[in-house]
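For reference, positions follow the sequence shown, starting with 1. Read the numbers this way: they start at 1 and go in the same order the structure lists the ligands and their atoms.
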Amino acid sequence: MPKTAIVTGATSGFGDAIARRLVEEGWRVVATGRRRDRLDALVDALGGPAAVHPLCFDIRDETATRAALQSLPEGFRDVSVLVNNAGLALGTGPAQDCDPDQWRTMIDTNVTGLVTITRLLLDRLIAQRGLIVNLASIASNWPYPGGNVYAGTKAFVKQFSLGLRCDLSAQGVRVTSIEPGLSESEFTMVRTGGDKAAYDALYAGANPLQPEDIAETVRWVVSLPPHVNVNSLEIMPVSQSWSPFRIHRDGPG
Ligand code: NDP
Ligand code: 8X3
C-alpha cells in the first residue's frame, strides 16, 4: 500500500517538482494550491487520480483548509508526510517603503497558513509516525536589505520546525527545516509583481538552484530510516556565498 504525502503549493516551483519526485518514488500525493488548472494538469501528468489527489484552497483560509482536509478520500487520508511549501515573498524594498497589506499577506500565508495546516494534520502524522518538511530559507538565517517581513516569516518557520522537533520526538515524528538560497522559480515573478527584467537580472549567470534540486533533497530526507532526523539543511548554489558587513559612514547613526 503506497504511503501518502501532502505537498502544499504544488502548482509551481518547488512544490510541483516535489510532488512529481515523490510520485516517481511510489508515493500517493495530495497536491494543494489555488490554481485549479495547474492542479488538474499535475494529476494528468502524474498518472491520474489514483496517484495524485488535488485540493484547491487558499491556505490563508482556515475554514477552507479544514474542509479540504476533511474531503480527502479513502487512500489519501492517512497522511504520513507533510511538505509545508506554499509561501511567497512580496516586495524587495526597505521596510519604510513597504505596503503593510503585503506584509500581512506574507504573515498570513507563510506563518498562519503553515501552522494551521500543520495543527490540523498533527494527529494523523502522529498516528503514522510521520515526517514534516518545512520550506524555510537562507532568509531564516541571514538578514539582507529588503528581507524584512519575508525573512521574519522564514525565521519563524525554522524556529517552529525546531520547536516541533522537541514536542514530537517522543511520538516518533520527524521534522526537517529546508533552507534554500537562490532558486529559479515563479517566486521572483511573484515577489517583483511580474517584473521579468528583474527576474532575468537576478538569475543571470548565477546558475541558481532549480526546483528539481530541492525535490531531490526532499526525496532524500523522506527516504532516511525512521530513527534519523535531519534538523535543518541550508542549501545554496555554488555561485552564492556571503559578503562582509557593510558600514554606512558619516550618517546619522
Ligand atoms: P512559487 O511561486 O513557484 O510557488 C509558490 C507556491 O505556493 C505555489 O504553488 C502557490 O500556489 C502556493 N501559494 C502561495 N500562496 C498561497 C495561498 N495563499 N494559498 C495556497 N497556496 C499558495 O515559489 P517557490 O516554489 O520558489 O517557493 C516555494 C517555497 O519555497 C516558498 O515557501 C518560498 O518562500 C520558499 N523558498 C523559495 C526560494 C526561492 O528562491 N525560490 C528560496 C527559499 C525558500 P497558488 O498560487 O496556485 O496558490
Ligand atoms: C528565498 C531566498 O534569498 O530571496 O527565500 O530570501 S531569498
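Its side chain outside the 4.5 Å cluster rule for every partner, L162 clusters with none of the Ile, Leu, Val, Met, Phe, Trp and Tyr residues. Here L202 sits in one hydrophobic cluster together with L182, M189, Y199, Y203; the rule is ILVMFWY side chains under 4.5 Å apart, joined directly or through other members.
In T109, the part holding a heavy atom less than 4.0 Å from any atom of ligand 1 is the side chain. Of the heavy atoms in P211, none comes closer than 4.0 Å to ligand 1. With a heavy-atom cut-off of 4.0 Å, M189 does not touch ligand 1 at all. At a heavy-atom cutoff of 4.0 Å, ligand 1 is contacted by the side chain of Y150 but not by its backbone.
Around atom 5 (C) of ligand 1, the closest heavy atom drawn from A139, G15, G87, P208 belongs to G87. Of the candidates A17, S12, A136, S12 brings a heavy atom nearest to atom 1 (P) of ligand 1.
Atoms of ligand 1 found under 4.0 Å from any heavy atom of S185 (numbered from 1 in listed order, with element): 3 (O), 23 (O), 24 (P), 26 (O), 41 (N).
Listed by first then second residue, pairs satisfying salt bridge (charged side-chain N to carboxylate O under 4.0 Å, His left out) with a partner in residues 150-161 read K158-E179, not counting sequence neighbours.
Near ligand 2, residues S137, I138, A139, Y144, Y150, F187, R191 come within 4.0 angstrom through at least one heavy atom.
With hydrogens and angles disregarded, no donor-acceptor distance shorter than 3.5 Å links the side chain of N134 to the backbone of A136.
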Next on the checklist: Does R20 form a salt bridge (charged side-chain N to carboxylate O under 4.0 Å, His left out) with E24? I'd like the steps, not just the answer.
Outcome noted: CA-CA 6 Å; R20 290 171 190 271; E24 273 172 26; over 6 Å; no
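The aromatic rings of F76 and H53 lie tilted to each other, with the angle between the two planes from 30° to 60°.
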